[in-house]
Protein chains: 2
Amino acid sequence: MVTLSDVAKQANVSKMTVSRVINHPEQVTPELRCLVEEAMTALNYHPNSAAKALANNRTNVIKVVILEDIDTTEPYYMSLIFGIAKGLDKQGYALQLVTDRAHLTGGNRADGFIVTGERAKDIPLIEQLTQPFVIFGENRYGFDYIDSDNKAGTALATNYALAKNYQSIVFIGLDVKESFEYSREAGYINTLQQHQKIPQIYRLANHSHVSQAFITDNWHKFAPDTCFICASDRIAVGVERGILENGGNVPRDFGIIGFDGVFLDQVANPQLTTVKQPVQQLGELLARMLLQKLAQSGAQQGEVLVTPELVTRGSTRD
Amino acid sequence: MVTLSDVAKQANVSKMTVSRVINHPEQVTPELRCLVEEAMTALNYHPNSAAKALANNRTNVIKVVILEDIDTTEPYYMSLIFGIAKGLDKQGYALQLVTDRAHLTGGNRADGFIVTGERAKDIPLIEQLTQPFVIFGENRYGFDYIDSDNKAGTALATNYALAKNYQSIVFIGLDVKESFEYSREAGYINTLQQHQKIPQIYRLANHSHVSQAFITDNWHKFAPDTCFICASDRIAVGVERGILENGGNVPRDFGIIGFDGVFLDQVANPQLTTVKQPVQQLGELLARMLLQKLAQSGAQQGEVLVTPELVTRGSTRD
DNA sequence: TTGTAAGCGTTATCAT
DNA sequence: ATGATAACGCTTACAA
């Protein structure tokens with residue numbers, strides 16, 4: 001194993017100079033810096049992260065906390081974790097997954113936290129955290145966060161439906177009292193109002209069989225030339241099935257636009273037009289934001305909203 | 001931060017005794033051990049993993065290497081990673097995701113590797129690894145591995161189809177030259193032969209639209225009373241769609257059995273009878289096997305096959 | 001069985 | 001601007 005001392009010898013300087021070249025390059029003269037850098041590459045030096053961690057009282061580990069009870073096959077979360085892992089890896093950090101609330105404070109140490117799926121009751125728990133954290137998902141508590149721009153997403157979808165000349169545009173949302181749901185509804189409502197149309201909103205549990213049953217039960221209410229803006233792809237898949245089951249023509253008489261764009265949209269038949277969240281990228285951004293926060297000793301990072309993209313496919317008119 | 005010394009003081013012993021209670025409890029007298037343990041809980045002591053790592057020349061980090069180019073939304077892999085992360089977390093290890101071959105040897109250090117998705121060309125690369133590793137997935141190179149028992153899985157499926165009295169039983173496999181595919185075909189073939197039936201195997205690319213098109217193109221070949229044993233849920237979803245598209249009755253005249261049981265099976269309509277791999281559990285087993293291998297300084301661990309489970313649902317007769 | 005001392009690789013502090 | 005020294009928390013090797 002090549003250590004600081006090895007590099008120091010090779011470059012004829014002290015360990016400290018090498019350390020400084022790595023951590024505070026501005027404090028060392030260009031010539032020495034150059035020498036040291038050459039020595040480092042010559043020896044293929046890689047810092048020992050455990051030693052660094054010990055000296056700095058850090059761990060190089062970030063805990064990813066999922067407070068929601070998730071179906072662990074849910075592709076959405078998996079993509080997110082994948083993105084986080086990639087983002088952390090790039091900067092030499094490793095990830096520890098926490099699904100057990102008890103592991104949050106107890107257990108191994110970490111340099112910071114990425115938290116998602118929190119409900120109101122979790123807020124005190126989160127506020128107890130003594131180390132920097134960032135949140136995935138809109139929140140009203142002033143926590144730093146990253147999310148898709150939900151409002152812009154449904155606005156995109158609604159505008160598209162209008163452009164495709166669907167007469168009636170209905171929103172099928174989720175029956176949860178979450179910030180993201182309100183934002184998605186707002187994007188829809190605002191867009192419709194700009195076009196002097198009356199919003200029509202239903203809220204369902206986030207399951208395809210629920211939305212499928214809903215369509216069948218209310219089939220008489222939906223005349224041809226209707227586009228359904230859905231708050232999730234799960235909902236959209238069920239809506240699509242319900243329409244087909246009742247003999248409706250997709251996309252000519254009925255359009256469907258989903259939300260999420262992770263996996264399910266491609267499995268549907270016809271494939272879904274959907275508001276695609278760049279989930280993996282969001283994960284990488286979370287990692288980057290947290291590491292930056294660490295570098296700035298916990299400074300506020302604010303909120304970052306990433307505009308999602310409308311992917312057009314067979315569930316809406318050409 | 002509570003350290004060894006703190007615990008030592010509290011228990012009126014030296015640091016070493018505390019260290020021994022943690023790492024070699026048998027070397028310390030029961031009374032002292034008890035005293036120390038009380039002190040540890042009283043102070044809520046947690047070992048500093050960086051210091052441990054430094055002293056032991058370890059990192060407490062395991063690299064998870066995915067050599068295959070995967071669709072990062074693929075729930076199968078995501079579940080696996082989730083399982084690995086949980087398994088590692090339990091023993092205080094963190095995970096680093098490697099998708100870039102260059103990061104395999106270079107970059108940060110790790111104590112061991114969990115490798116998956118390797119092709120023939122990757123074998124030399126893997127053999128160069130200087131640290132313990134385990135593989136996910138059957139392989140013919142003598143590497144320690146964990147996998148589902150693919151052969152047992154398709155045998156389960158085929159026996160079930162026979163029990164449900166489908167006259168004709170067809171296997172739709174994948175057109176890949178991989179160990180797991182051969183095993184799945186073998187389970188099907190063996191079972192049919194035990195019942196004096198002639199195997200009938202097709203091999204397709206692993207996409208639902210490919211298998212859907214295949215069914216339509218060959219619809220005349222498949223008389224009612226046929227059950228399709230599929231090598232993946234993706235294939236099965238397409239087969240199901242193809243059958244429905246051609247007016248076939250599922251499950252009365254045509255049965256479909258998938259393989260994997262991760263997410264897709266539940267999204268299908270009707271939901272798929274499928275051979276469910278305990279993917280997350282496989283991940284945890286991988287973590288456990290690797291950590292045990294580390295504890296045994298790299299000793300061979302052999303292979304572990306986990307028998308999958310047949311989940312019966314609407315795509316086969318009641 | 002228990003304790004003492006040295007060292008793992010790095011960085012902060014203080015001196016030059 | 002650069003270097004010497006101690007310290008981070010733990011474990012191995014050796015001494016008692």
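In what follows, every chain begins at residue 1, and chains take the letters A, B, ... in the order their sequences are listed.
Tested against B/Y45 for a side chain to side chain contact (heavy atoms under 4.5 Å, CB included), the candidates B/M1, B/E37, B/Q10, B/M40 yield a single pass: B/M40.
Between A/M16 atom CE and C/dT13 atom P there is a gap of 10 Å when expressed in whole angstrom units. Here C/dT2 presents its P atom at 8 Å from CD of B/E31, a figure rounded to the nearest Å. Rounding to whole angstrom units, NZ of residue B/K15 and C1' of D/dT11 are separated by 9 Å. The distance from atom CG of A/N56 to atom C1' of C/dG9 is 11 Å, rounded to the nearest whole Å. Between the CZ atom of A/R58 and the P atom of C/dT10 there is a distance of 13 Å, rounded to whole Å. As a whole-Å value, the separation of B/I22 CD1 from D/dC10 C1' is 9 Å. Atom CD of B/Q27 is separated from atom C1' of D/dC14 by 14 Å (rounded to the nearest Å). Distance CG (A/N48) to P (C/dG7): 18 Å, rounded to an integer number of Å.
In this structure, A/K63 fails the cation-pi test against A/F133, since its NZ or CZ atom is not both closer than 6.0 Å to the six-membered ring centre and inside 45 degrees of the ring normal.
Residue A/K151 qualifies as open at atom NZ: its count of foreign heavy atoms under 6.0 Å is 12 or below.
Listed candidates were C/dA12, D/dT12, D/dG9. Nearest to the side chain of A/H24 is C/dA12. Taking the side chain of A/V13 as heavy atoms from C-beta on, and the options D/dG3, C/dT10, D/dC10, the nearest nucleotide is D/dG3. In this structure, the nucleotide among C/dT10, D/dT11, C/dT2 sitting nearest to the side chain of B/A55 is D/dT11. Comparing D/dA4, C/dT2, C/dG9 by their closest approach to the side chain of A/S14 singles out D/dA4.
Map A/R20 and A/V2 each onto its nearest nucleotide of DNA chain C; the residue landing nearer the 5' end is A/V2.
Within the 4.0 Å cut-off from OP1 or OP2 of D/dT2, not a single side-chain nitrogen or oxygen of A/T17 is found. Look at B/N23 and you'll find a side-chain N or O under 4.0 angstrom from OP1 or OP2 of D/dT11.
Residue A/K52 places no side-chain atom within donor-acceptor reach of the base of C/dT11, judged by atom type and a 3.5 Å distance cut-off alone.
In this pair, B/Y76 and B/F136 present their aromatic rings tilted. The plane angle is within the 30 to 60° band.
A salt bridge is defined here as a Lys NZ or Arg NE, NH1 or NH2 lying under 4.0 Å from an Asp or Glu carboxylate O, and B/E26 with B/R20 fails to meet this definition.
Within the nucleic acid shown, A/T3 comes within 4.0 Å of sugar-phosphate atoms alone, with no base atom in reach, counting heavy atoms only.
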